[in-house]
*Asks:* 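One structure, pasted below without further comment.
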Amino acid sequence: MHVLKSKKEQNEQKRVSFLRFWTIRYLVTLVIGLTLIGFVTGIIIRQSTFNKNLDIDRYLAEEVAARMLDQIVGTDIPTNGNDELFYNRQKLLELSGSPSIYVVDTNGTILMENRSKDHLNISSFSKELISSEREVRRIKNIDGEDYYLVKRPISLNDSVLGWVVVIQSEEDLTAVDQEYKLLFLMILSAAVLGWAAIYFLSKRLLKPIENVAKAAKEVEAGNYDVELNEKVREQEVYDLVHSFKEMAHKLEQLESLRAELLAGVTHELKTPVTSISGLLQAVNEDVVTGEEAKEFLAISLQETNRLQKMVSDLLDFNSFAANAIPVNKKPGLIGESVKEMVYQWSIIQDNAGIEVTIHKPKEDVEVYTDALRLQQILINLLNNAKQAIQGEGKITINIYSVDTEVMAIDVQDNGTGIPIEEQDLIFERFYRGEEKKYKIRGLGLGLPFSKMLARAMGGDLKLKESSPDGTVFTITLPFKG
């Protein structure tokens with residue numbers, strides 16, 4: 001017991017509020033998702049920045065080569081006085097870094113240069129590097145860094161006089177600090193906005209659920225008069241609130257009905273006991289003698305039989321509800337079975353003035369059922385029909401196929417019918433209608449028991465229709481087991 005209690009306490013400790021549960025999980029999911037998006041976006045931004053800066057270096061080299069042509073005298077490239085030229089080009093292009101710019105001859109000798117503050121220590125370029133057809137080259141791991149070299153020829157009359165070489169570190173080419181900051185702010189803003197949205201939306205959704213939970217505790221305590229606001233826009237939440245209110249109302253009705261029916265059952269059982277006690281006491285004390293005493297004893301026996309019948313009904317119903325009564329389904333011809341059942345019922349009943357008619361298919365069909373249980377259902381329906389007719393009348397039994405899998409038996413009478421307000425309650429245990437309650441004694445278990453029997457055989461029992469002109473009950477049975 002202590003171990004079970006400890007486990008229960010642990011489970012209760014693990015429970016968290018709906019708001020906390022979902023907002024934390026949503027926030028974790030949001031952070032993971034935005035982190036992945038930020039990582040991929042950062043790579044894309046870095047690559048885009050690199051390509052853009054490399055294109056600018058190409059354009060810078062081309063611009064410097066074009067300006068150098070304006071200063072060439074003959075075929076000689078000037079060797080000084082071009083710092084302003086380099087500076088103006090860099091300023092014009094708004095370079096993100098400070099590339100090193102070199103003007104070299106065809107042998108790789110440096111004629112002019114504008115080295116950046118973190119320039120490479122280069123005194124000359126190899127002839128192979130200069131004469132290579134590749135305009136962009138990557139220079140790996142020089143002083144621990146990677147560099148990119150961009151070159152453009154200085155051409156005059158289809159003759160290459162020299163080269164403009166631009167060198168910039170990969171770190172400068174991919175410098176995107178400002179973009180990263182902006183990306184971080186955007187992701188952080190999206191995370192905060194997303195968390196706030198789910199928090200307030202969850203809080204809005206939580207309110208009606210909390211109200212339903214509180215109402216459930218009220219119902220658990222026996223208070224069925226709960227107030228819930230049904231003015232919600234969400235269809236699912238409305239369905240939850242509306243269904244709970246309907247359930248609470250139904251439970252209130254059933255609780256009231258239970259108390260009333262319990263009192264009724266107690267009264268029904270007490271009445272014959274009181275009658276038997278009074279009659280036997282009169283005989284025992286010689287209040288009545290002779291033939292009158294015999295009559296009192298006969299009445300006592302009749303009341304005893306009725307009491308036994310009511311107790312037997314209670315025991316049968318409880319046993320069947322606990323699945324203690326077996327149902328043995330076997331194939332049999334439905335038309336002949338029903339005809340025999342009606343015949344047996346009619347010979348033990350005082351059916352003066354009641355006409356029973358059976359309509360069955362031209363060719364009898366085989367169904368899978370328990371004949372004994374079907375007879376119990378049919379006799380109960382016939383007895384109810386007889387009570388509803390109250391004198392002369394007609395009972396019609398119609399046997400027909402619903403579809404290829406189900407056979408139906410309609411039991412119709414032309415009695416007084418069942419009031420509309422009682423029709424939803426006739427299959428409730430111990431329920432008895434207002435008229436029947438005072439005119440016919442019983443426990444109100446006939447129809448509930450019959451419905452349980454029908455379902456146990458794979459079919460069902462339903463009230464098809466009822467009006468002041470009569471009532472129709474339908475038994476459905478399967479063709480196959």
Side-chain angles (χ1 to χ4, degrees), residues 1-30 194-266 314 317-318 320-323 419-434 443-445 447-449 451-452 455-456 460-463:
M1 180 68 71
H2 179 70
V3 174
L4 292 174
K5 187 176 180 182
S6 299
K7 287 183 178 179
K8 184 178 180 181
E9 288 176 352
Q10 289 175 2
N11 290 333
E12 288 178 352
Q13 289 174 357
K14 290 178 182 177
R15 295 192 184 99
V16 295
S17 69
F18 178 91
L19 190 62
R20 181 180 175 187
F21 183 88
W22 284 111
T23 51
I24 289 177
R25 276 157 180 76
Y26 179 81
L27 182 60
V28 170
T29 304
L30 188 65
W195 177 82
I198 194 64
Y199 177 83
F200 288 108
L201 289 175
S202 298
K203 198 169 182 180
R204 171 183 167 82
L205 179 63
L206 178 62
K207 189 62 177 177
I209 296 177
E210 285 180 336
N211 292 337
V212 171
K214 290 178 182 178
K217 291 181 179 179
E218 290 290 324
V219 171
E220 184 182 5
N223 178 22
Y224 301 103
D225 187 17
V226 294
E227 291 293 332
L228 290 172
N229 182 17
E230 294 187 49
K231 294 180 181 180
V232 290
R233 296 181 62 86
E234 298 86 351
Q235 182 63 45
E236 292 78 8
V237 177
Y238 170 80
D239 290 341
L240 172 66
V241 173
H242 180 73
S243 299
F244 188 87
K245 286 188 70 174
E246 289 296 316
M247 181 194 71
H249 180 64
K250 184 73 172 178
L251 285 173
E252 185 178 19
Q253 286 183 321
L254 291 177
E255 182 64 20
S256 175
L257 183 62
R258 183 190 67 81
E260 180 183 346
L261 295 181
L262 182 59
V265 170
T266 304
L314 279 172
F317 184 85
N318 289 333
F320 197 84
N323 296 319
I420 295 177
E421 62 273 13
E422 296 180 4
Q423 291 180 11
D424 291 336
L425 300 171
I426 60 173
F427 291 107
E428 295 290 342
R429 305 174 187 185
F430 304 108
Y431 179 78
R432 298 170 66 218
E434 290 298 320
L443 296 177
L445 290 176
L447 286 176
F449 186 50
K451 189 176 185 70
M452 291 174 66
R455 287 185 172 179
D460 204 353
L461 172 63
K462 295 181 179 180
L463 173 64

*Asks:* Can you sort out the partners of Asn211 under side-chain hydrogen bond (donor to acceptor under 3.5 Å, both in side chains), two or more places apart, ordered by chain and number?
*Replies:*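 Counting only residues at least two positions away or on another chain, Asn211 forms no side-chain hydrogen bond (donor to acceptor under 3.5 Å, both in side chains).
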
*Asks:* Return the minimal non-hydrogen interatomic distance between Tyr26 and Trp195, and the atom names on each side.
*Replies:* CE2-N, 4.2 Å

*Asks:* What are the two closest non-hydrogen atoms of Leu447 and Leu461, and how far apart are they?
*Replies:* O-CD2, 4.2 Å

*Asks:* Are any of the side-chain heavy atoms of Glu422 and Pro419 separated by less than 4.5 Å?
*Replies:* yes

*Asks:* Find the distance between CG (Leu463) and CG (Asp424) and round it off to the nearest 0.5 Å.
*Replies:* 9.0 Å

*Asks:* What pairs with Lys245 under side-chain hydrogen bond (donor to acceptor under 3.5 Å, both in side chains), at least two apart in sequence or on another chain?
*Replies:* Glu230

*Asks:* Identify, with sequence neighbours excluded, every residue that meets salt bridge (Lys or Arg N to Asp or Glu O under 4.0 Å) alongside Asp460.
*Replies:*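 Scan of Asp460 (salt bridge (Lys or Arg N to Asp or Glu O under 4.0 Å), adjacent residues dropped) gives Lys451, Arg455.
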
*Asks:* Would you give the length of the straight line joining atom CD1 of Ile198 to atom OG1 of Thr29, rounded to the nearest 0.5 angstrom?
*Replies:*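 Those atoms lie 10.0 Å apart.
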
